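The structure displayed is predicted, hence computed values, not measured ones. Throughout, a chain's letter reflects where its sequence line sits, starting with A, and its residues are numbered from 1.
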Protein chains: 2
Amino acid sequence: MIKKVTIKDIARIAGVTPATVSMALNNRPRIGAETRKKIIKIAGELDYQPDLLARSLICRKSYTIGLVITNIADPFFPELAQGIEEKADELGYSVIICNMNRSMRTVGERIETLRGKGVDGIICATALVDDSPIRKLVDDHFPFVLLNRRHYDPDLSNKIDYVVLNNFSGGYSVVKHLYRLGHNRIAQLAGHFKASTVIERNKGALQAMKDCGIKQTPRLTIGCEYSFEQAYDAAKKLLKMKRPPTAIFSHDDYMALGAREAVLEMGLRIPEDIALVGFDDINTASLTGIDLTTISQKKYEMGELGVKILVEKLEKAVPQLVNHVVLKDRMVIRKSCGYHLTGYVR
Amino acid sequence: MIKKVTIKDIARIAGVTPATVSMALNNRPRIGAETRKKIIKIAGELDYQPDLLARSLICRKSYTIGLVITNIADPFFPELAQGIEEKADELGYSVIICNMNRSMRTVGERIETLRGKGVDGIICATALVDDSPIRKLVDDHFPFVLLNRRHYDPDLSNKIDYVVLNNFSGGYSVVKHLYRLGHNRIAQLAGHFKASTVIERNKGALQAMKDCGIKQTPRLTIGCEYSFEQAYDAAKKLLKMKRPPTAIFSHDDYMALGAREAVLEMGLRIPEDIALVGFDDINTASLTGIDLTTISQKKYEMGELGVKILVEKLEKAVPQLVNHVVLKDRMVIRKSCGYHLTGYVR
DNA sequence: ATGAAAGCGCTAACAG
DNA sequence: CTGTTAGCGCTTTCAT
């Protein structure tokens, strides 16, 4: 590595002190026009690049934010991450990404590393409803915002910013939709039971069942950890039951695709033999031949919004109100549920 | 934000100097067992977390690497990024991600920012064959490795590490395969013409055409910038020609999916009316009903390998040999090319 | 308008 | 074994 040029070098050449160079380069007032011009010229010639690390150390500001997600391989996240990265870039921030999927370290550890590296704030999409690392962030008054999932601690919730979907409504709509198409045995492929998304989608689903007079069958709800493979296995298991479900509500599209493979492999048709509904509306869901009925989430916008809220907290002198954003869910009816064949039957 | 506890605080309480605390906490020798124990205890009680920024500044090492990609929304990249992030995490590094897709800034600018932030090295997947930011990295002896695409400057190439696929062979196989299925008019949906991937896949394709005696028709090759929408449009254009192609070779699966939508929308069948072959083997390609014939790339492994090579450069005292890794391509025959219907006809 | 000096939090050199 | 001193590259007082 070539030795980097510092403000000292520039100062020496310009015959001024490092402080003057610093001020000149940072457009501070009270620097003579001549001096400033000369300094800028020299800096340009030497191809001077400021050491942002040193600047961060003294300013306590790194223009870097940390992003904690569960699994970048799940198509939900790239789109979220894209919104985050692009908005951050626009506002002058970089993002360090932490994919927790197969990390040997815990979320708490990775958050500590992030903080040690001087990130100005954190966006977390892995929160569980009773997460203690989140609690610690609140205690330390460290700036962060939760995306997609929220925290349930009642004492904390008015201190935590979050952007989530109306998951209850999403779950409710799916089951209601399926009920009206004639289904009475609806299975669920769920994620982590301590994720607010799962809890609320499930709550919505159960409420809809109750409202529709469908008997709840706990055995039909299986946790699949957002894994394609686990969803595949779970669907097989479901379909081999003596009284198999007639519809599967998958808590995300990625798992729905896993279930879809299982269904088709068993020689069953979608939607004629088994209806399938997903969640998220990933790109693949809209492909001809997949045609997955699902709940649409504005993932890109959710990411953008998360960054916007975080950066506002970081840059506004007066503390902002706590933001609790609940985005509207929207059902996208395609062909995997059978609506296009029969319409609602009740 | 709560005031952070520093080694000074610990030093004061322990009645030693900051230097001693530093050594004790970093497992340096020459520190009394008693003193060390006391210091560690105090650090624990105060929940001390080192300021890695300060450490980086003095050690000139941040344990952070920069990753520059084109577009995280293209399913090729999440898998690559996953390999990178997970390997980096395993080796103790964090990764700052730069998605160039809609960034207002150039690759060169973003690389400068990355370097300013003190990243130890860079992994770049956006290189064009004559990229000047890459040239600058070489000139500055800054550690980096190229993934997926390489640089063509003959003077530089023995100084640049890269991991790429055998793209020539991939392109060749696709056209040969299509030829043997009876196709004589093969269109290409290409990416950026200054990307080595595109150049080599195209070269392979042209060579195969030559070897097979297929007449080359430049009009049938369209640049689509890896965009789903552009591929969709291009496919429509192609199919509306008076002498449309009978097969489309898309330089990546994502574009192939765009083309697929166009084909199906026009009432044509795949593969009966038009054969379609992609590149990359993204997850969606293997879904039942999509069944895209494609060239498989080990994206996750490519990412891992890139990090491994970079970190070796960073941590080995003696400079390593320059790594030029060319991964083997492998054709995955599914149903979008028609092989399952007719087999090879020549 | 510019220089001098201090210091961010940490580590590395050399003393003691 | 431990303390003192110096300094990474930058910014920010406070003098001049």
Residues [X] and [Y] bridged, charged N to O under 4.0 Å:
X      : Y      : answer
B:E85  : A:R110 : yes
A:R60  : B:D51  : yes
B:K136 : A:D47  : yes
B:K38  : B:E34  : no
A:D153 : A:K159 : no

* To do: Would you mind reporting whether B:N101 and B:I72 have side-chain heavy atoms less than 4.5 Å apart?
  => no

* Asked: With a 4.5 Å heavy-atom cut-off, do A:I13 and A:L46 have their side chains touching?
  -> yes

Atom-pair distance ([atom1] on [X]; [atom2] on [N]), nearest Å:
X     : N      : atom1 : atom2 : result
B:N27 : C:dA12 : CG    : P     : 13 Å
A:D9  : D:dC8  : CG    : C1'   : 13 Å
B:R12 : C:dG9  : CZ    : P     : 12 Å
A:R55 : C:dG9  : CZ    : P     : 18 Å
A:K37 : C:dT2  : NZ    : P     : 13 Å

Tell me what [X] touches on the nucleic acid: a base, only sugar-phosphate, or nothing, going by heavy atoms under 4.0 Å.
X     : answer
B:I7  : base
B:T35 : sugar-phosphate
A:G15 : sugar-phosphate

* With B:Y300 as reference, evaluate B:K87, B:E79, B:Q82, B:E86 under the side chain to side chain donor-acceptor pair (under 3.5 Å) test and give the passing residue. => B:E86

* **Stepwise side chain to side chain contact (heavy atoms under 4.5 Å, CB included) test for A:V307 and A:I84** => CA-CA 6 Å; A:V307 172; A:I84 290 168; 3.6 Å; yes

* Asked: Where along residues 39-53 of chain B does a heavy atom come under 4.0 Å from DNA chain C, residue by residue in number order?
  -> B:Y48, B:P50, B:D51

* Would you jot down, in residue-number order, the residues of residues 16-25 of chain B having a non-hydrogen atom under 4.0 Å from DNA chain D? => B:V16, B:T17, B:A19, B:T20

* Between A:R28 and A:K8, who's closer to the 5' end of DNA chain D by nearest nucleotide? -> A:K8

* So, the side chain of A:K117 versus the backbone of A:G66: is there a donor-acceptor pair under 3.5 Å, distance only? -> no

* **Exam field: side chain A:R149 to backbone A:S196, donor-acceptor pair closer than 3.5 Å** => no

* Asked: Would one find more than 12 heavy atoms of other residues, nucleotides or ligands at under 6.0 Å from atom NZ of A:K298?
  -> no

* Asked: Quick one: is C:dC8 close enough that its OP1 or OP2 comes under 4.0 Å of any side-chain N or O from B:K4?
  -> no

* Asked: Has A:R60 got a side-chain N or O lying under 4.0 Å from the OP1 or OP2 atom of C:dG9?
  -> yes

* **Nearest to side-chain heavy atoms of A:L57, which nucleotide of C:dT2, C:dC8, C:dC10** => C:dC8

* Looking at C:dG9, D:dT11, C:dC8, which one has an atom nearest to any side-chain atom of B:I58? -> C:dG9

* Using rotation axes that map the C1' atoms of four end pairs onto the next four (five pairs an end), what angle separates the end axes of the helix from C:dA1-D:dT16 to C:dG16-D:dC1, to 10°? -> 50°

